[in-house]
Amino acid sequence: MPYLTSTPSGTASTGLSAGLGIPGYAHPLVAPLEWGELSRPGAPLHWVVLNVSDGPGTRPDPVCLEAAGRLRNAGVRVLGHLDVTHGARPFGEIVADAHRHLDWYQVDGYFLDRCPTERGALPGISRTVLTLRALLGDGHIVLGHGTHPHPGYAESADQLVTFSGPWSDYRWSQVAEWTADHPPERFCHFVHGVPRVHLDEALRVARWQGAATIYFTDRTDRGGRVDPWAALPGYWDDIVSLVGTGVSE
């Protein structure tokens, strides 16, 4: 069973309340409803990932620029998608994509997808994050591990995605003990295949495990054949309401 974690005495907290992190909807031309909903006033959004075409694409996309601009005007942080391919992608390619995201879409930070978890890859990711921070001047960095990495990664980024997967795994998952040394604002959970009847339970699991940024959807990956994050969950209005008001234990 998942267990309750608490912020230990002396651990810094940014005061960030629970909210949604959007892993990246389909292109705005394909998913206009989704991108429109993100601009709704009062939606509890921490950030939205902009993934034009497995990254920034090969040329500026005016439709994506407009969508990103609407979000920024609404006070929502936009993160550029960078695929680090579990640490195998060359440093220069990652930085080049980061420059394109910033030059073309004025992103507020970066989401490093398929981020490695092992200690040996930590120096390379730390170098990448330092370079991205220098490029941004100020910005938000999220490492998309999808599972608990070596604790040293928490020293580099603003947030870590420590779970990404199906509800069938999430409901019985446990957190790594080292996460209790950090406040919930440092962690994100992405869960697909969550039935509406279990939405309240999933939100409580996130609270118990100490994750302030979440994204839950009833859509599934159909055995890895589709992207479960590409479209709105069927209960979007419900999750916006529940996360916005908090969930009791």
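Note that the structure is a prediction, hence the values are computed from the model and not measured.
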Which atom pairs, donor and acceptor, lie under 3.5 Å between side-chain atoms of residues 136-145 and protein residues at least two apart or in another chain?
| unit_1 | atom_1 | unit_2 | atom_2 | d |
| --- | --- | --- | --- | --- |
| His140 | NE2 | Gln159 | OE1 | 3.0 |
| His145 | ND1 | Pro116 | O | 2.8 |

Between Leu71 and Ser39, is a side-chain contact (heavy atoms from CB on, under 4.5 Å) present by the stated rule, with each step listed? CA-CA 6 Å; Leu71 290 178; Ser39 301; 3.8 Å; yes
Looking at every heavy atom in both [X] and [Y], which two are closest together, and how far apart are they?
{"X": "Val52", "Y": "Gly57", "value": "CB-N, 4.3 Å"}
{"X": "Arg186", "Y": "Ala157", "value": "NH2-O, 2.7 Å"}
{"X": "Trp178", "Y": "Pro151", "value": "CD2-CB, 3.5 Å"}
{"X": "Cys64", "Y": "Leu50", "value": "CB-CD1, 4.2 Å"}
{"X": "Leu232", "Y": "Glu34", "value": "N-OE2, 3.1 Å"}
{"X": "His101", "Y": "Tyr110", "value": "CB-CE2, 3.9 Å"}

I'd like to know if the side chain of [X] and the backbone of [Y] have a donor-acceptor N/O pair within less than 3.5 Å.
{"X": "His148", "Y": "Glu177", "value": "no"}
{"X": "Asp221", "Y": "Pro228", "value": "no"}
{"X": "Glu37", "Y": "Ala43", "value": "no"}
{"X": "Arg171", "Y": "Ser168", "value": "no"}
{"X": "Thr179", "Y": "Ala176", "value": "yes"}
{"X": "Arg196", "Y": "Tyr235", "value": "no"}

Measure the spacing between [atom1] of [X] and [atom2] of [Y] and express it to the nearest 0.5 Å.
{"X": "Leu79", "Y": "Tyr105", "atom1": "CG", "atom2": "OH", "value": "15.5 Å"}
{"X": "His99", "Y": "Ile94", "atom1": "NE2", "atom2": "CD1", "value": "12.5 Å"}
{"X": "Gln106", "Y": "Leu65", "atom1": "CD", "atom2": "CG", "value": "6.0 Å"}
{"X": "Asp83", "Y": "Asn51", "atom1": "CG", "atom2": "CG", "value": "8.5 Å"}

Checking side-chain contact (heavy atoms from CB on, under 4.5 Å) between Cys115 and each of Thr85, Ile125, Leu82, which is the one that passes? Ile125
Connected via hydrophobic side-chain network under 4.5 Å: [X] and [Y]:
{"X": "Leu199", "Y": "Val240", "answer": "yes"}
{"X": "Val49", "Y": "Leu33", "answer": "yes"}
{"X": "Leu29", "Y": "Trp104", "answer": "no"}

Does the side chain of [X] reach to within under 4.5 Å of the side chain of [Y], using non-hydrogen atoms?
{"X": "Asp169", "Y": "Val191", "value": "no"}
{"X": "Ile214", "Y": "Val243", "value": "yes"}
{"X": "Phe216", "Y": "Pro233", "value": "no"}
{"X": "Ile239", "Y": "Leu20", "value": "yes"}
{"X": "Leu135", "Y": "Leu102", "value": "yes"}
{"X": "Ile22", "Y": "Leu38", "value": "yes"}
{"X": "Pro149", "Y": "Leu160", "value": "yes"}

By side chain to side chain donor-acceptor pair (under 3.5 Å) - contacts of Asp218 (at least two apart): none
Report the residues that fulfil ring pair (Phe, Tyr, Trp, His ring centres under 6.0 Å) with His192, sequence neighbours left out, ordered by chain and then residue number. Trp229
For His198, what residues pass the ring pair (Phe, Tyr, Trp, His ring centres under 6.0 Å) criterion, not counting sequence neighbours? Trp167
Flag the pair Phe163 / Phe190 as yes when their ring centroid distance falls below 6.0 Å, and as no otherwise. no
Under the criterion side-chain contact (heavy atoms from CB on, under 4.5 Å), I'd like the reasoning laid out for His27 against Asp61: C-alpha separation, chi angles, the key distance, then a yes or no. CA-CA 10 Å; His27 191 282; Asp61 186 323; 2.7 Å; yes
Please step through side-chain contact (heavy atoms from CB on, under 4.5 Å) for the pair Val194 and Thr217, ending with a clear verdict. CA-CA 6 Å; Val194 182; Thr217 180; over 6 Å; no
Test Phe187 against Val175 for side-chain contact (heavy atoms from CB on, under 4.5 Å), laying out the working first. CA-CA 11 Å; Phe187 301 106; Val175 292; over 6 Å; no
Set of salt bridge (charged side-chain N to carboxylate O under 4.0 Å, His left out) partners for Arg89, sequence neighbours left out: Glu93, Asp97
Do NZ/NE/NH1/NH2 and the carboxylate oxygens of Arg222 and Asp227 come within less than 4.0 Å? no
Hey, are Tyr170 and His189 close enough side-chain-wise for a donor-acceptor pair under 3.5 Å? yes
Measure up the Tyr25 and Trp236 rings against each other and bin them: parallel (under 30°), tilted (30 to 60°), perpendicular (over 60°). perpendicular
Evaluate side chain to side chain donor-acceptor pair (under 3.5 Å) for His81 paired with Asp54, printing each intermediate quantity in order. CA-CA 7 Å; His81 178 277; Asp54 292 326; 5.9 Å; no
With sequence neighbours excluded, give me every side-chain hydrogen bond (donor to acceptor under 3.5 Å, both in side chains) pair touching residues 116-130. Ser126-Ser156
